Amino acid sequence: MKRICLFSCALGAIALAPTVASADPGILYIPTDEIILQPGSEGDCVGSGAPNSGRGCTGAVDAETPVAPFGGDMDALMVGLETALADFDVYITNERPPEYIAYTMMLPEAPVETVSLTCSTGGINCGGRKRNSIIFMVDGTQNCMGPDLVHSALYAFGRASGLEGVMLPEDPMAVPDVMTFPPDFMVPLTEYTDQCLFREPQQNFDDMGMPSGPMQLECTSMDHVGRCPTDADDAAGQNSYQDLLAYYDVRVEDTTPPELTNIVPDDGATLTQGEDLVLDVDIADDDPVVGGRWIISSPALEEFVEGGTLSQCTNDMCPSNWDDAVPLKPTDSEWEVVISDLPAGDYTITFEAADFHGNVAEMVMRTVTIEGGPDGGSGSGDASASASASASASADGTGGFTAGSSGDDDDSGGTTGQDEDPSGCTCRTTPAPGGAVLMLLGLLGLGGLRRRW
């Protein structure tokens, strides 16, 4: 039975994120077109989390920054990554996924300054929970000369997937004692090793950009599968291969888009002003998680909402998100949204969905008319009611954990409470039964979809 909580519900407890991400598929996107990066603390990036690959939000830049297409050997990079990640369910693509689905973006020629020992940068993702990071590679630094492209890429992807450094030169995550024997990223490496190894911390740097000694380990042993034991400590190590299997599961081939059924409302439905507009859909897909977005648009909203458009989606790409979409939303979870106090008018409603293997569902489109209420009103309706239009989504209790995760040093958590949207709509987060956090639909423009991105 579906459970719906409107904004009059009392504030309740919020469950915490799991220690290690479940075995869900991932996406690695390597652009062949220009990418625009945005400062993570400005504009549309505020509130969406940084990094966020969908918006290009990152703390690595302090102004809008274009990134030119990669000018190196893309074929060699793609083949190397496909080979090294062949056992893991990671979809590697040069075509940018829909913005509402989480993906890791790798920029092989990044316009960032770094003294990295690994010719890459991008932060650690402890436990593999965050799935929309941005990672950077550079063609050399004062501490890393002439890197092998695939070796550097595997190290960067490993960090974005929750892996720390280890003490084995044959593993792409190798970070030897840089004070006596610096890591050699010129050596080609093509696979993650399947054995328990000591974790090795990153290095601090002095004012001259030279290594000055090890940092503390960034993640905990709980962030690694089975708390991989070593000779010296029952829970001190890391098995890079097994961690990636735990975070992404085994590779599968999938060319079938999500199937959308039981769509509500019916096309051409008519409501009376004051009735709730209920949006709902059932999704079936081979992937255990998918991305999705509801969009509601009407000229009747233009007086109250910029562009006359409301939306709710996954991947923090709308001001409103499902609580169980952090970091990923289960395919069989609830996708229902309820909107109250909409003004009279004609509405266009769309729902989009995509999976983690490059498959996009056929867009659903519905038209709905909201007629004037008993007072005979029409058109824009009552301004005060519309300006505080509320929305809620239902949850099945399988999600219910908050944004953010310990150890992810470039993630920002979600917020609860009340915020004022620039349009005048009041945005409030309130948990539904099962610990779900619900948000008001936010602003986002309509966008087209292709069957395959």
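No experiment lies behind these values; they were computed from the predicted model shown.
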Under 3.5 Å, is there a donor-acceptor pair between the [X] and [Y] side chains?
X: D286; Y: H357; value: no
X: T32; Y: N94; value: no
X: N132; Y: D316; value: no
X: Q312; Y: N321; value: no
X: S133; Y: N125; value: no

Atom pair [atom1] ([X]) and [atom2] ([Y]), whose distance is rounded to the nearest 0.5 Å:
X: I296; Y: L310; atom1: CD1; atom2: CG; answer: 5.5 Å
X: L154; Y: S120; atom1: CG; atom2: OG; answer: 10.5 Å
X: T190; Y: D148; atom1: OG1; atom2: CG; answer: 9.5 Å

Is any side-chain heavy atom of [X] closer than 4.5 Å to a side-chain heavy atom of [Y]?
X: L107; Y: P31; answer: yes
X: S221; Y: R199; answer: yes
X: R55; Y: E99; answer: no
X: L77; Y: I30; answer: yes
X: D87; Y: R251; answer: no

With sequence neighbours excluded, tell me which residues meet salt bridge (Lys or Arg N to Asp or Glu O under 4.0 Å) with E109.
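E109 satisfies salt bridge (Lys or Arg N to Asp or Glu O under 4.0 Å) with no other residue.
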Who are the side chain to side chain contact (heavy atoms under 4.5 Å, CB included) partners of V79, not counting sequence neighbours?
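V79 satisfies side chain to side chain contact (heavy atoms under 4.5 Å, CB included) with T83 once adjacent residues are dropped.
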Who are the side chain to side chain contact (heavy atoms under 4.5 Å, CB included) partners of E42, not counting sequence neighbours?
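Only P39 meet the side chain to side chain contact (heavy atoms under 4.5 Å, CB included) criterion with E42.
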Looking at every non-hydrogen atom in both residues, tell me the closest pair between [X] and [Y] and how far apart they are.
X: C318; Y: R293; answer: SG-CD, 4.1 Å
X: E34; Y: I36; answer: OE1-CD1, 3.7 Å
X: G345; Y: A300; answer: CA-CB, 4.1 Å

Is it true that [X] and [Y] make a salt bridge, defined as a side-chain N closer than 4.0 Å to a carboxylate O?
X: K329; Y: E334; value: no
X: R159; Y: E218; value: yes
X: D223; Y: R129; value: yes

Strictly distance-based, threshold 3.5 Å: is any side-chain N or O of [X] a donor or acceptor partner for the main-chain N or O of [Y]?
X: S161; Y: F157; value: yes
X: D24; Y: Y248; value: no
X: E164; Y: C219; value: yes
X: S298; Y: D346; value: yes
X: R131; Y: P25; value: yes

Please test Y247 against F88 for ring pair (Phe, Tyr, Trp, His ring centres under 6.0 Å), starting from the C-alpha separation and ending with a verdict.
CA-CA 9 Å; Y247 303 152; F88 316 113; 9.9 Å; no
Which residues pass the side-chain hydrogen bond (donor to acceptor under 3.5 Å, both in side chains) test with S240, sequence neighbours left out?
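So S240 forms a side-chain hydrogen bond (donor to acceptor under 3.5 Å, both in side chains) with D171, Q238.
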Take L37 and V67, measure what side chain to side chain contact (heavy atoms under 4.5 Å, CB included) needs, and give me the verdict at the end.
CA-CA 7 Å; L37 298 178; V67 180; 3.7 Å; yes
Which pairs count as side chain to side chain donor-acceptor pair (under 3.5 Å) when at least one residue sits in residues 59-80, sequence neighbours excluded?
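Pairs touching residues 59-80 that pass the test: Q38-E64.
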Kindly determine whether T261 and D282 satisfy side-chain hydrogen bond (donor to acceptor under 3.5 Å, both in side chains), including the steps that lead there.
CA-CA 5 Å; T261 59; D282 290 337; 4.6 Å; no
Answer yes or no: are there more than 12 heavy-atom neighbours, outside E253 itself, under 6.0 Å from its atom CD?
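12 or below, so no.
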Heavy-atom count check: over 12 atoms from other residues, nucleotides or ligands less than 6.0 Å from E191 CD?
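At most 12 heavy atoms, drawn from other residues, nucleotides or ligands, come within 6.0 Å of this atom.
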Applying the ring pair (Phe, Tyr, Trp, His ring centres under 6.0 Å) test to W294, which of W335, F351, Y347 qualifies?
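Exactly one candidate clears the test, F351.
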Could you walk me through whether D194 and Q242 pass the side-chain hydrogen bond (donor to acceptor under 3.5 Å, both in side chains) check?
CA-CA 7 Å; D194 189 4; Q242 293 299 328; 3.1 Å; yes
F136: ring pair (Phe, Tyr, Trp, His ring centres under 6.0 Å) partners, not counting sequence neighbours:
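Not a single residue meets the ring pair (Phe, Tyr, Trp, His ring centres under 6.0 Å) criterion with F136.
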Test side-chain contact (heavy atoms from CB on, under 4.5 Å) applied to D287 and N359, D355, L328, T256, the passing residue:
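Option passing the side-chain contact (heavy atoms from CB on, under 4.5 Å) with D287: D355.
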Apply the test ring pair (Phe, Tyr, Trp, His ring centres under 6.0 Å) to residues Y29 and Y103: give CA-CA distance (whole Å), side-chain angles for both, the deciding distance (0.1 Å), then the verdict.
CA-CA 7 Å; Y29 164 57; Y103 59 91; 5.7 Å; yes
